[in-house]
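In this text the structure is predicted, and so the values were computed from the model without any measurement.
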Amino acid sequence: MQLLSFNFLIYTYAGIWRPVEWTSTCAKLLYNIFTSVILFLEYFLGLTQFLDILFVIETVDEFVANSLMFASIVIVCSKATIIILRRESIINLVQTLLTAPCKPRNRDEVIIQTKFDNFIRSWSLRYFLLAMSSLTSVTIGSVMNVMHGILPYRVWLPYDLNVPTVFWSISIQQIITLIFATIINVGTETLVFGLFLQTCAQLEIFENRMYKLVTGNTTTESSLASPNKKKKTISEHIQHHLSIYKYAKTVNVIFNQVLFVQFFGSILILCTNVFYMSAHINESQTATLLMYTICMFVQIYIYSWSGNEVILKSTNIGDSIYHLDWTSLSVNEKKELWMIMMRSTIPIKFTSSFLITLSLQTYSNILKTSYSAFNLLQQS
């Protein structure tokens, strides 16, 4: 798979995506063991934090502080599990973009595809660097806590943490788990971001093909072409348009649960995180939480902005066709263009379950909801 290679490389380093091109049975077995270890670490941290919330925590501040990390780990576990279970579906989805009618046919279409690929890679790298900077600050704070004899994250364990070997083992395990959790998060955000924008790339390629169809209709070569050949050409474009909608629907089906868990969890985390920072503004941990909150806002924005771009691009197809010189076409060809324009009146929307449509309007609503919930928590 050549598309989104950087995004899948992040997943490979995270331990949840074995490269498709690997053929060695030994390499596959070793990577599967690596994947199992990563999943165990993530689930183990989530379970021990849940037990701490259930059996140990007594104050509201303790509950808020521990539930932030617990909710984040639950989201990461959900993402990793879904990606592993739906590996074949994701591979088939990418292969759809590499085969007709989605595959670029000429130099102009290759330029369009390359433009979007470079854009996706550029912003994926920037988001990766932002997440790594946040991870670095959190890791430094965790190491400082360990040096003072405090676990990076509160957990409940059935053995004595005062034993140095046990304490250092659990501390290292928690830091390693957080590192891989961050990489899994970055991989998921950038992959979904890339798949969303590949929809925009296909829509732009489709516009290019329609432009060439209409402008080429007035040439001598086109006028001499048989009606059957013209009909076949337009039918291929209609099929391409429908395949774009099918591709977008498949993306939504594969990542539906990921989006739901992400948005539901993010709202809870943002509300409690901002509330906790406002109550502990003088503590040294506030800087780390602030960095974490910024990353969370960017995380949601990536989903919302890319989803909004797809909505705008898909609804713009009708306008693009209307501004072409369609008067030179035959009556039947005009009817087929009209069908495409009618289909484009229904925009392509990515949704988080049936509750949230990914758009900038939704992002604005999330910010308003988070602020309202923060005010409610502050008054209680």
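Heavy atoms of other residues, nucleotides or ligands lying less than 6.0 angstrom from CZ of Phe50 number 12 at most. Residue Phe6 places its CZ atom among more than 12 non-hydrogen atoms of other residues, nucleotides or ligands, all under 6.0 Å distant. Around NZ of Lys115, the count of heavy atoms belonging to other residues, nucleotides or ligands within 6.0 Å exceeds 12. At most 12 non-hydrogen atoms from other residues, nucleotides or ligands lie less than 6.0 angstrom from CH2 of Trp338. More than 12 heavy-atom neighbours from other residues, nucleotides or ligands sit within 6.0 angstrom of CZ on Phe119. Counted within 6.0 Å of NZ on Lys334, heavy atoms from surrounding residues, nucleotides or ligands total more than 12; the atom is thus considered enclosed. With a 6.0 Å radius and a threshold of 12 heavy atoms from other residues, nucleotides or ligands, Tyr13 has its OH atom at or below the threshold. Counted within 6.0 Å of CZ on Arg121, heavy atoms from surrounding residues, nucleotides or ligands total 12 or fewer; the atom is thus considered open.
In the hydrophobic clustering of ILVMFWY residues, with side-chain heavy atoms under 4.5 Å counting as a link, Met342 and Ile340 come out apart. Residue Ile311 is not grouped with residue Leu360 when hydrophobic side chains (ILVMFWY) are merged at heavy-atom distances under 4.5 angstrom, including chains of intermediate members.
Pairing each heavy atom of Gly149 with each of Phe167, the nearest pair is C-CZ, 3.5 Å. Between Tyr153 and Ser142, the shortest heavy-atom distance links the atoms OH-OG, 3.8 Å.
Judged by distance alone, with hydrogens and angles left aside, the side-chain atoms of Arg343 form no donor-acceptor pair with the main-chain N or O of Ile238 at under 3.5 Å. Not one N or O on the side chain of Thr81 forms a donor-acceptor pair closer than 3.5 Å with the backbone of Ser78.
Annotation: salt bridge (Lys or Arg N to Asp or Glu O under 4.0 Å) contacts involving residues 255-271, sequence neighbours excluded, are absent.
Between Ile302 and the choices Tyr127, Trp123, Phe297, the side-chain contact (heavy atoms from CB on, under 4.5 Å) rule is met once, by Tyr127.
Partners of Gln239 under the side chain to side chain contact (heavy atoms under 4.5 Å, CB included) rule, at least two apart in sequence or in another chain, do not exist in this structure. Every residue two or more places apart in sequence or in another chain was checked for a side chain to side chain donor-acceptor pair (under 3.5 Å) with Tyr31, and none qualifies.
Note: Phe263 and Tyr303 have tilted aromatic rings, judged against thresholds of 30 and 60 degrees for the angle between ring planes. Classification of the Tyr363-Tyr301 ring pair by plane angle, with boundaries at 30° and 60°, yields perpendicular.
With 3.5 Å as the limit, one finds no donor-acceptor pair spanning the side chains of Glu204 and Gln113. Asp108 and Asn106 form no side-chain donor-acceptor contact under 3.5 Å, judged by distance and modelled atom types alone.
Salt-bridge annotation for Arg209 and Glu236: absent, with no side-chain N of the basic residue lying under 4.0 Å from a carboxylate O of the acidic one. For the pair Lys79 and Glu42, the salt-bridge criterion is not met [side-chain N within less than 4.0 Å of a carboxylate O].
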